[in-house]
There are 2 protein chains.
Amino acid sequence: MRRLSAATPNAKPVSATAEQILDQAETLIQTRSYSAFSYQDIADALGIRKASIHYHFATKADLGVAVVDRYAERFGNALAALDRDQSRSSAQLLDFYCEPYLQYAQTPDRVCLCGALAAETLALPPQIRERVAGFFEDHQAWLARILERGAQRGEFTLRTAAVRTARMFFGALQGALLVKRTTGDMTQLKDVVTALKSQLAADRGGKASGVKGLRKARKN
Amino acid sequence: MRRLSAATPNAKPVSATAEQILDQAETLIQTRSYSAFSYQDIADALGIRKASIHYHFATKADLGVAVVDRYAERFGNALAALDRDQSRSSAQLLDFYCEPYLQYAQTPDRVCLCGALAAETLALPPQIRERVAGFFEDHQAWLARILERGAQRGEFTLRTAAVRTARMFFGALQGALLVKRTTGDMTQLKDVVTALKSQLAADRGGKASGVKGLRKARKN
DNA sequence: GTCTATACAAAGATAGAC
DNA sequence: GTCTATCTTTGTATAGAC
């Protein structure tokens with residue numbers, strides 16, 4: 001288990017160029033994968049030379065780590081903020097969570113950075129691999145927390161343990177994004193989000209239905 | 001939409017070596033991705049030279065296409081057979097469908113071939129891309145058919161249209177497999193399968209519950 | 001069908017001038 | 001910080017002998 005809020009003391013005051021390199025690398029990993037992008041791609045995009053990139057990020061692994069850290073921190077901060085905000089409904093929080101996925105789905109070829117990296121885990125430097133794993137654990141833990149809370153408030157009906165539902169929820173979003181990009185069918189992601197929400201819709205029983213739903217699904 | 005049964009008239013009588021090459025390539029794509037594997041990897045594994053591989057598969061793209069075709073056909077045949085078999089319950093059919101995912105999950109580092117390829121769609125030769133898209137469409141269509149049938153028989157309660165549920169189901173399996181491999185947590189896949197089944201569990205209403213469940217979930 | 005040899009391009013990375 | 005130049009390795013692919 002890892003921490004979400006204090007992900008990294010975002011202390012690093014990276015230069016403007018370094019920032020642009022990170023932006024490009026992030027996009028390239030999301031669209032073409034880590035293995036398939038090169039320093040040359042970034043150099044071309046920014047109008048600089050390969051060697052200049054090595055000044056900012058000595059190795060490709062260093063660059064990859066920096067990209068994932070920045071990405072995870074951005075998400076981590078947003079999730080931590082949502083976590084603290086007790087004013088919103090759990091359903092709203094889930095909506096917020098799905099937002100980035102839906103946004104990526106509107107681009108022709110972007111997926112979640114960590115989803116893309118996960119598909120080539122064994123080809124990744126270990127430092128990157130660990131961070132991707134941490135990202136997954138953090139996000140699924142966050143989702144489980146929100147689902148649990150929503151069930152207690154009677155907003156949702158969980159048909160199995162919150163942790164399991166969270167894993168299904170997360171996997172479905174990641175998988176759907178990959179499918180969407182390959183088939184080009186924009187409705188893929190929307191359909192999955194709709195389906196996920198339908199599964200969670202509270203039974204017409206009222207307040208205690210969340211707990212009731214959980215009980216009903218014994219060891220299931 | 002594409003056809004499942006007559007996927008390819010599996011007429012090709014490939015040589016023993018070609019078969020071994022396909023096996024290795026399939027495994028390498030599943031574990032390391034298409035971009036990250038090379039003819040050298042296969043040559044090493046089989047104890048032959050790179051050049052020999054080119055005799056069987058002129059280009060890497062050709063090899064990739066052959067791998068995907070064989071993989072899709074294997075699945076396609078199995079699904080078509082299940083489709084024809086009216087004796088099994090829909091729940092059983094879904095169990096069969098999940099089997100390969102659970103088996104991959106038991107290996108340390110294998111995922112679905114097409115799931116792996118989807119993550120690097122833009123780095124793939126178009127012929128491969130198209131086939132992966134076809135695989136996704138076929139499988140989701142198959143799942144939708146089974147879900148629809150199960151709902152009509154009262155085995156399942158669909159909380160939204162079968163097509164949407166199928167997309168959620170498929171995405172969740174694919175996503176979970178990727179997450180599982182990265183985190184190394186064997187329970188990931190089992191949890192998701194459990195969660196998916198819980199979502200489908202028929203309401204205690206009896207026969208007509210499938211249809212009822214569908215009605216209830218209006219435009220949701 | 002498999003080998004050696006080789007061509008050719010691209011990759012990640014470093015040295016050192018400016 | 002960015003450049004040119006260069007090194008080294010690896011990748012895909014071909015030619016031609018066996």
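Chain A is the first sequence line, chain B the second, and so forth, proteins listed ahead of strands; every chain is numbered from 1. The basis for the numbers below is simple: all heavy atoms, side chains too, and nothing from hydrogens, waters or symmetry mates.
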The correct set of residues in residues 24-49 of chain B placing a heavy atom under 4.0 Å from DNA chain C is B/Ile48, B/Arg49

Assign each of A/His56 and A/Lys50 the nucleotide of DNA chain D bearing its closest heavy atom; nearer the 5' end lies the nucleotide of A/His56

Would you indicate, yes or no, if C/dC3 has its OP1 or OP2 atom less than 4.0 angstrom from a side-chain nitrogen or oxygen of B/Ser52?
yes

Rounded to whole Å, the NZ-P distance (B/Lys60 to D/dG11) equals 9 Å

Closest to the side chain of B/Thr59, out of D/dG1, D/dA13, C/dA15, is D/dA13

Mind telling me whether A/Tyr97 and A/His139 have parallel, tilted or perpendicular rings, with 30° and 60° as the class edges? perpendicular

Separation of D/dT2 atom P from A/Phe57 atom CZ, nearest Å, is 12 Å

Residues 170-180 of chain A vs side-chain hydrogen bond (donor to acceptor under 3.5 Å, both in side chains), sequence neighbours excluded, gives A/Tyr101-A/Gln174

Closest to the side chain of B/Tyr55, out of D/dA13, C/dT2, D/dT2, is C/dT2

Does a side-chain N or O of B/Thr17 approach OP1 or OP2 of C/dT2 to a distance below 4.0 Å, or not?
yes

(Q) A side-chain contact here means heavy atoms from C-beta on lying under 4.5 Å apart; do A/Leu63 and A/Tyr39 qualify? (A) yes

note: B/Asp62, atom CG; D/dA13, atom P; distance rounded to Å ~ 8 Å

*Would you please test A/Leu189 and A/Val179 for side-chain contact (heavy atoms from CB on, under 4.5 Å) and show each step?*
CA-CA 9 Å; A/Leu189 223 269; A/Val179 172; over 6 Å; no

Rounded to whole Å, the NE2-P distance (B/His54 to C/dT6) equals 17 Å

Between A/Phe169 and A/Lys197, is there a cation-pi geometry (under 6.0 Å to ring centre, at most 45° from the normal)? no

Between CD1 of B/Ile21 and P of C/dG1 the distance, given in whole Å, is 10 Å

*Around atom CZ of B/Arg49, are there more than 12 heavy atoms of other residues, nucleotides or ligands at under 6.0 Å?*
no

